[in-house]
Amino acid sequence: MSFRVANKKYSSASEHEGLQDVDYGDYSLILHPEHRIRGVKHIPRRSAPTHINCPHYASDPKRNTHAGSDTQQEAIISLGSEDETRLRRAAKLAAATLKFAAGLIRPGITTEAIDERLHWFIVENNAYPSPLNYLGFPKSCCTSVNNIVAHGIPDDREVEPGDIINVDVTVYLDGYHGDTSRTFLVEDVDDQGKELVGVTQEALELAIGICGPDVPFKRIGEYIDKFVRAREMSVVRALTGHGIGREFHCRPWIVHHGNEEPGVMKLGHCFTIEPAIIQGSNPSVWEFLDGWTVATESGARSAQAEHMVLITENGAEVLTR
């Protein structure tokens, strides 16, 4: 799950004038709901059994503050400690949850049904679905289809052949969060869609490959941006990766486009890399009235892929393979 910035619209088309828009392909456009209801209080939500250890925001609205302002902590742990063991367990369960999600995705299933199945899979593994009630988010995972970039709220729309769908899962287990996502192809996806998803996955792996002790964080965005631009696609700038561990979102913030952010990777740093890539040269996005769903301004498709990375003596280890 991406860190959500305060600005609800970001546009920098002038920086991308040298690129030409591509043929976006054949797919269903996800439109703003006709009911035009602001917020998500009207959306039903599930609950976790009382024996599940929940994060602080699950039941205490006073501590449910804006992402990024609720903590000044940094996601860095002592390698070889019990904390590392717990962090790895949470990441492993997140990976298992995403694998379970992969087996659910097929034409005809609703994103609400996917959410329900994932909710109970997580709970049955004695964990809490981290997105549920985080800043009021009403569901246990995010499902972002076609032109939805991130934070798609599961609903009664049925998955269609030709869709691409990102499922973003985060679990809270024994005091630690595990976070990962992937964009799946749903039967007969056109070549443009397949290329988008492939480039997004390649960009993630490229970024992971350059991580290690003393590497500047800005290298991540530099490598991703250069790789994506060369393929006439663009990197979403309104969302970032983030530190993760005891807190869902905290420092370091991971910028996925070219930047001059300070800071270097240290032993024990744990963070997500989760680039969201859009077809064509326009990286602009906008937010639905629900306050969560982020869509492309152009109507082009977007794909996202995410892993948790731990910096060790040997470089960078992906905890959510």
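Because the structure is a prediction, the values reported are computed rather than measured.
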query: Hey, what do you get for OG1 (T143) to CZ (F184), rounding to the nearest 0.5 Å?
result: 12.0 Å
task: Go through the steps for V40 and R45 under the test side chain to side chain contact (heavy atoms under 4.5 Å, CB included), then give the verdict.
output: CA-CA 10 Å; V40 294; R45 59 195 69 202; 4.1 Å; yes
query: For the side chain to side chain contact (heavy atoms under 4.5 Å, CB included) test, which of L132, L118, I43, T111 pairs with K139?
result: I43
message: Check this for me: K92, atom NZ, are more than 12 non-hydrogen atoms of other residues, nucleotides or ligands nearer than 6.0 Å?
response: no
query: Using the ring of each side chain (for Trp, its six-membered ring), is W292 parallel, tilted or perpendicular to F137, with breaks at 30° and 60°?
result: perpendicular
task: State plainly whether the residues E187 and R106 are in salt-bridge range, i.e. N to O under 4.0 Å.
output: no
query: Could you go step by step and tell me if N259 and R237 meet the side chain to side chain contact (heavy atoms under 4.5 Å, CB included) rule?
result: CA-CA 10 Å; N259 66 92; R237 300 188 170 206; over 6 Å; no
- prompt: Which heavy-atom pair separates V169 from A94 by the least distance, and what is that distance?
  reply: CG2-O, 3.7 Å
Candidate pair R46 and V123, rule side chain to side chain contact (heavy atoms under 4.5 Å, CB included), full reasoning: CA-CA 11 Å; R46 279 170 269 279; V123 168; over 6 Å; no
- prompt: When rounded to the nearest 0.5 angstrom, what is the spacing between NZ in K266 and CG in D214?
  reply: 10.0 Å
- prompt: Do H56 and E247 pass the side chain to side chain contact (heavy atoms under 4.5 Å, CB included) test, and can you show the C-alpha distance, the side-chain angles, and the key distance before you say yes or no?
  reply: CA-CA 10 Å; H56 62 77; E247 297 292 339; 3.9 Å; yes
- prompt: Is the backbone N or O of V186 less than 3.5 Å from a side-chain atom of D163, with the two atoms forming a donor-acceptor pair by type?
  reply: no
task: Would you indicate whether the side-chain heavy atoms of N133 and S59 approach each other to under 4.5 Å?
output: no
- prompt: Once the angle between the rings of Y172 and H177 is folded into 0 to 90°, is it parallel (under 30°), tilted (30 to 60°) or perpendicular (over 60°)?
  reply: tilted
- prompt: Does a side-chain heavy-atom distance below 4.5 Å link I273 with I208?
  reply: yes
Side chain R86, main chain G245, donor-acceptor under 3.5 Å: no
field: Joint hydrophobic cluster, I37 plus V294, side-chain heavy atoms closer than 4.5 Å
entry: no
field: For the student: nearest non-hydrogen atoms of L185 and G193, plus distance
entry: CD2-O, 4.4 Å
field: Taking every non-hydrogen atom, the tightest pair across A295 and V149
entry: C-CG2, 3.9 Å
- request: Answer yes or no: is there a donor N or O on one side and an acceptor on the other, between the side chain of N147 and the main chain of R301, under 3.5 Å?
  value: no
- prompt: Can you check whether L289 reaches R36 side chain to side chain, under 4.5 Å on heavy atoms?
  reply: yes
- prompt: Any sub-3.5 Å donor-acceptor pair from N166's side-chain atoms to A303's backbone N or O?
  reply: no
query: Got M265 and V309 here, is their nearest side-chain heavy-atom distance under 4.5 Å?
result: no
query: So, do S144 and D168 sit near enough that their side-chain heavy atoms are less than 4.5 Å apart?
result: no
message: Could you tell me if E274 and H256 have a donor-acceptor pair between their side chains, going purely by distance under 3.5 Å?
response: no
field: N282 side chain to S284 side chain, donor-acceptor N/O pair below 3.5 angstrom
entry: yes
query: Under 3.5 Å, side chain of T320 to main-chain N/O of M308, donor-acceptor pair present?
result: yes
Lys/Arg-Asp/Glu bridge criterion (N-O < 4.0 Å) met for R117, E124: no
field: Hphob cluster co-occupancy, I244 + I76, side-chain heavy atoms under 4.5 angstrom
entry: no
query: Is there side-chain contact between T110 and D155, with at least one heavy-atom pair below 4.5 Å?
result: no
- line: Closest non-hydrogen contact found for C211 with I311 is CB-CD1, 4.1 Å
message: With rounding to the nearest 0.5 angstrom, report the CD to CG distance, E160 to D188.
response: 12.5 Å
- prompt: Are I122 and I114 connected in a single hydrophobic cluster, I mean Ile/Leu/Val/Met/Phe/Trp/Tyr linked by side-chain heavy atoms less than 4.5 Å apart?
  reply: yes
- prompt: Would you say V255 and V236 are hydrophobically clustered, going by side-chain heavy atoms of ILVMFWY under 4.5 Å?
  reply: no
query: Counting N and O atoms only, with roles assigned by atom type, does the side chain of H257 sit under 3.5 Å from a partner on the main chain of I224, one being a donor and the other an acceptor?
result: no
query: Just by distance, do the side chain of R231 and the backbone of F227 share a donor-acceptor pair under 3.5 Å?
result: yes
query: With the 4.5 Å side-chain cut-off for hydrophobic clustering, are L267 and I254 part of the same group?
result: no
- prompt: Is S28 close to N146 at the side-chain level, that is, under 4.5 Å between some pair of heavy atoms?
  reply: yes
task: Return the orientation label for the F217 and F271 ring planes: parallel under 30°, perpendicular over 60°, tilted otherwise.
output: perpendicular
Validation row: L310, L79 side chains within 4.5 angstrom (heavy atoms): yes
CD on E82 to CG on D174, rounded to 0.5 Å: 8.5 Å
Y223 OH: over 12 foreign heavy atoms closer than 6.0 Å: no
message: Is it the case that the side chain of Q279 and the backbone of Y24 share a donor-acceptor pair, with hydrogens and angles ignored and the cut-off at 3.5 Å?
response: yes
- prompt: Just how far is it from atom CG of L98 to atom OG1 of T170, taken to the nearest 0.5 Å?
  reply: 10.0 Å
query: Can you tell me how far OG1 of T296 sits from CH2 of W286, rounded to the nearest 0.5 angstrom?
result: 9.5 Å
field: T183 (side chain) donor-acceptor with Q304 (main chain) under 3.5 angstrom
entry: yes
field: Shortest non-hydrogen contact from C270 toward L319
entry: SG-CD1, 4.2 Å
field: Salt-bridge contact R38-E287 (side-chain N to carboxylate O under 4.0 Å)
entry: no
message: Please determine whether a side-chain nitrogen of the Lys or Arg among K226 and E222 lies less than 4.0 Å from a carboxylate oxygen of the Asp or Glu.
response: no
- request: Would you confirm whether Y57, through its side chain, and S130, through its main-chain N or O, come within 3.5 Å as a donor-acceptor pair?
  value: yes
task: Measure across V189 and K194 and return the closest heavy-atom pair with its distance rounded to 0.1 Å.
output: O-CE, 3.1 Å
